[in-house]
Amino acid sequence: MSVFFLSAPPSICVSPLTHRPATTITSCFSVQTLSPLSQSLPSPPSSSSSSSSSSSRPPSSNSLLPNPNVTPISSSGCSLNCPHFESCSGCTHEDNLHRPVILGEATTFFKKLGVSDFTFDTCRLWGWRCRAKLAIRGSSTDPLIGLYQEGTHNVVDIPDCKAHHPSINAAVELLRKGIKILNIDPYDEDERTGYLRYVQMAVTTYNTSLPASERYRSGRVQVSLVWNSRSETSASSEKLSDLATFLWRNGGPNSKVHLIHSVWANFQTSTNNVIFGNRWRHLLGERDFWEHVGGIDVYLAPSSFGQANTRAFDSLLQKLHRYVPLGSSVTDLYAGAGVIGLSLASTRKCRKELSVRCVEINKESKLAFEKTIERLPSSIDSNISWHLADTSIEPLSWLVGSEVLVVDPPRKGLDPSLVSALQAIKSAERKAMTLESPTFKAKDEKRPWILRAREDSIEIPSRTTQEESRSLPQTLIYISCGWESFKENCTALLSSKAWHLSKAHGFNFFPGTQSIEILAIFKRGPGASVKKKKSSKKKKKKNKTF
């Protein structure tokens, strides 16, 4: 199987074409030129410089960002060249970042299902990760900030991670310096002592004071410190306050380089592997964290789920929009804060009949949804709603009234009950005419999950009168972060003959790993290939009569 690139960047090697390829690979990565006034995205280092990069650390907080006078080094092999590769569990391969090994399997899988034009967007190969949760261990004089070594709870220090947005690496070094100067003891799992357990670094690349072309490389970091105490009133609260002040003083707006967006604290005393506790406190900086993806401003709380690869996610959303007809009613399951559904409401606002319904099981996402809708264009005239509900319970009821269904499940894939409902969707059409949707009002409703969904829901009604639709989805848009679960779900849907696979696209959300993100478009019915077989049989019978 041959592969070719469209608009391949200079850092990617392209083999000459010998015959028509089965996969089209596009790239949304481009080499950035360095600006002397702002931090820059790293070009992949040459192998000769990799060995020395891990031992050299910036001497002061004002020199934490990459040297702006260094000329980018281009790589001809798309290699990671990371000094932490062999010890860190984050990346599984360091060569051919633009082409994960699993891509060949995916191409073959889709080709067998009749999708010969499967495409793959390579996206940004270095400095792509805008959200990282890092463990903190070691000592106050030699803190270790990084990931667990594979199969252990031994933390590998990764100060020069090539996947991290450079602002994250810079913020990690600033945090390391604060731990040393203020004598902050990292958490000790065996003794259950120490203060600082984990840190979450989240980069916002949405800064309207800068030109759009400079916003990504000048991203600022929301730092969330996971503190080993029950609340801010504990005996260690003074040390927490000192560390937050240090980060803000040396990385805030009054420092030479404005690196830190805000500082938050999360309080966690559990002995299990859960990173965050239930109690959060905003300490310093901006309270609201915004990003711009899918054509809309998106609010994310520190506790919200956010895509690590912001640019790749935006690329996926732009492509997804093409498959939603104008004026469609949309249900977004596993919706989180409703980013996908709200981006559709904004970009498909040309027709007043559009309605968007977001369904999510995590109540923490409600605030993010409320904040995000406040920034939607006032010209939108759509029914928009968010519901706290478990879609595995009577999933068919959530499908009623939708023409397009969008699902973005966790790595384990769709709930079995939802798969069953989608398999039997044709026979359910008559039932849907009488089935009570959770969003429709009924006087005598007693089902607790529906009553809870109504109680916790948010609804922004359209300014125009609209009739309630009893339709069931004709299009299913499946976004997958788990390849094995997707294959299983896809096979189950197609085996029912209720759906056929129309299009499939892959995205390199996690370069250096065996994970790819899939955007698959299913349409109702058995598909053209089955119909073609039937028509050929009829033609043979007709010839026999003559």
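Residue numbers start at 1 and run along the sequence shown.
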* Asked: Does a sphere of radius 6.0 Å around CD in Gln318 hold more than 12 heavy atoms from other residues, nucleotides or ligands, not counting ones at 6.0 Å or beyond?
  -> yes
* Between Asp415 and Ser417, does a side chain to side chain donor-acceptor pair (under 3.5 Å) hold up when you go through it step by step? -> CA-CA 5 Å; Asp415 290 298; Ser417 58; 5.6 Å; no
* **Val404 side chain near Leu344 side chain, heavy-atom distance below 4.5 Å** => no
* Asked: Should the pair Glu484-Lys487 be classified as a salt bridge under the 4.0 Å nitrogen-to-oxygen rule?
  -> yes
* Asked: Would a 4.5 Å heavy-atom cut-off, applied to side chains only, mark Asp121 and Lys319 as touching?
  -> yes
* Structure fact -> Shortest non-hydrogen pair, Gln268 vs Gly277, comes out as NE2-N, 3.6 Å
* Ser315 side chain to Arg311 backbone, donor-acceptor under 3.5 Å -> no
* To do: Could you tell me which non-hydrogen atom of Leu125 sits nearest to which non-hydrogen atom of Asn508, and how far apart they are?
  => CD2-ND2, 3.8 Å
* **Backbone N/O of Cys481 and side chain of Arg411: donor-acceptor pair under 3.5 Å** => yes
* Asked: Ignoring hydrogens and geometry, is there a side-chain-to-backbone donor-acceptor pair from His164 to Arg129 under 3.5 Å?
  -> no
* So do the side chains of Ser385 and Arg357 get within less than 4.5 Å of each other, counting heavy atoms only? -> yes
* Trp290 six-ring face occupied by Arg375 cation (under 6.0 Å, within 45°) -> yes
* To do: Under the side-chain contact (heavy atoms from CB on, under 4.5 Å) rule, what do Lys133 and Phe276 come out as? Steps first, then yes or no, please.
  => CA-CA 10 Å; Lys133 297 182 181 73; Phe276 293 135; 3.5 Å; yes
* Do the side chain of Arg215 and the main chain of Asn207 share a donor and acceptor less than 3.5 angstrom apart? -> yes
* What is the minimum heavy-atom distance between Gly219 and Val203, and which atoms define it? -> CA-CG1, 3.7 Å
* **Beyond-backbone contact of Leu147 with Leu134, side-chain heavy atoms, under 4.5 angstrom** => yes
* Asked: Looking only at heavy atoms, what is the nearest atom pair of Ala312 and Cys123, with distance?
  -> CB-SG, 3.8 Å
* **Residue of the set Asp408, Leu320, Leu317 for which side chain to side chain contact (heavy atoms under 4.5 Å, CB included) holds with Leu519** => Leu320
* **Verdict with reasoning, Phe120 to Ile516, per side-chain contact (heavy atoms from CB on, under 4.5 Å)** => CA-CA 9 Å; Phe120 185 73; Ile516 60 174; 3.7 Å; yes
* Answer whether the closest heavy-atom distance between the side chains of Ser365 and Trp386 falls below 4.5 Å. => yes
* Structure fact -> Rounding to 0.5 Å, atoms CH2 (Trp227) and CZ (Arg197) come to a distance of 12.0 Å
* Would you say Ser343's side chain and Val339's backbone share a donor-acceptor pair under 3.5 angstrom? -> yes
* Asked: Can you tell me if Thr372 uses its side chain to pair, donor with acceptor, with the backbone of Tyr299 under 3.5 Å?
  -> yes
* Asked: How long is the span from the CD atom in Glu403 to the CZ atom in Arg524, to the nearest 0.5 Å?
  -> 12.0 Å
* Asked: Parallel, tilted or perpendicular: which describes the rings of Phe109 and Phe486, with under 30° parallel and over 60° perpendicular?
  -> perpendicular
* Asked: Trp128 vs Phe510 aromatic rings, parallel, tilted or perpendicular, using cut-offs 30° and 60°?
  -> perpendicular
* Side-chain donor/acceptor of Ser329 to backbone N/O of Gly401, under 3.5 Å -> yes
* Find the distance between CG (Leu472) and CD1 (Ile425) and round it off to the nearest 0.5 Å. => 5.0 Å
* Test log, rule side chain to side chain donor-acceptor pair (under 3.5 Å), inputs Thr205 and Glu291 -> CA-CA 6 Å; Thr205 64; Glu291 192 52 86; 2.9 Å; yes
* Answer whether the closest heavy-atom distance between the side chains of Asn489 and Val419 falls below 4.5 Å. => yes
* Asked: Should we say atom CG of Asn362 is surrounded by more than 12 heavy atoms from elsewhere, each under 6.0 Å from it?
  -> yes
* Asked: Can you list the steps and then say if Arg279 with Ser231 is a side chain to side chain donor-acceptor pair (under 3.5 Å)?
  -> CA-CA 7 Å; Arg279 189 179 182 86; Ser231 70; 4.8 Å; no
* Atom pair CD (Glu364) and CH2 (Trp280), whose distance is rounded to the nearest 0.5 Å -> 9.0 Å
* Spatial distance of atom OH (Tyr334) from atom CD1 (Ile361) [nearest 0.5 Å] -> 9.0 Å
* Spacing of Asn309 atom CG and Cys130 atom SG [to the nearest 0.5 Å] -> 7.0 Å
* Asked: Taking the inter-plane angle between the rings of His387 and Trp398 on a 0 to 90° scale, is it parallel (under 30°), tilted (30 to 60°) or perpendicular (over 60°)?
  -> tilted
* To do: Measure from the side-chain N and O atoms of Trp499 to the backbone N and O of Leu422, and report whether any donor-acceptor pair falls under 3.5 Å.
  => yes
* Asn383 side chain to Ser355 backbone, donor-acceptor under 3.5 Å -> no
* Given Ile340 and Ile477, is the side-chain contact (heavy atoms from CB on, under 4.5 Å) satisfied, shown in steps? -> CA-CA 11 Å; Ile340 299 173; Ile477 300 178; over 6 Å; no
* Residue pair Asp297, His292: steps toward the side-chain contact (heavy atoms from CB on, under 4.5 Å) verdict -> CA-CA 4 Å; Asp297 292 349; His292 190 81; 2.7 Å; yes
* Angle class for the His165/Tyr216 ring planes (parallel below 30°, perpendicular above 60°, tilted otherwise)? -> tilted
* What are the two closest non-hydrogen atoms of Leu259 and Ser167, and how far apart are they? -> CD1-O, 3.7 Å
* Asked: Are the side chains of Ser495 and Gln423 in touch, meaning some heavy atoms are under 4.5 Å apart?
  -> yes
* Asked: Does Trp126 reach the side chain of Pro511, with side-chain heavy atoms less than 4.5 Å apart?
  -> no
* Verify the neighbour count for atom NZ of Lys503: are there more than 12 heavy atoms of other residues, nucleotides or ligands below 6.0 Å? => no
* Asked: Between His505 and Tyr323, how do the two ring planes meet: parallel, tilted or perpendicular, split at 30° and 60°?
  -> tilted
* With side chain to side chain donor-acceptor pair (under 3.5 Å) as the test, would you mind laying out the steps for Ser116 and Lys111 before giving the verdict? => CA-CA 5 Å; Ser116 58; Lys111 189 174 183 180; over 6 Å; no
* To do: Compare every heavy atom of Ala345 with every heavy atom of Val356, then report the nearest pair and how far apart it is.
  => CG2-CB, 3.8 Å
* To do: May I ask you to decide if Gly306's main-chain N or O and Ser304's side chain share a donor-acceptor pair within less than 3.5 Å?
  => no
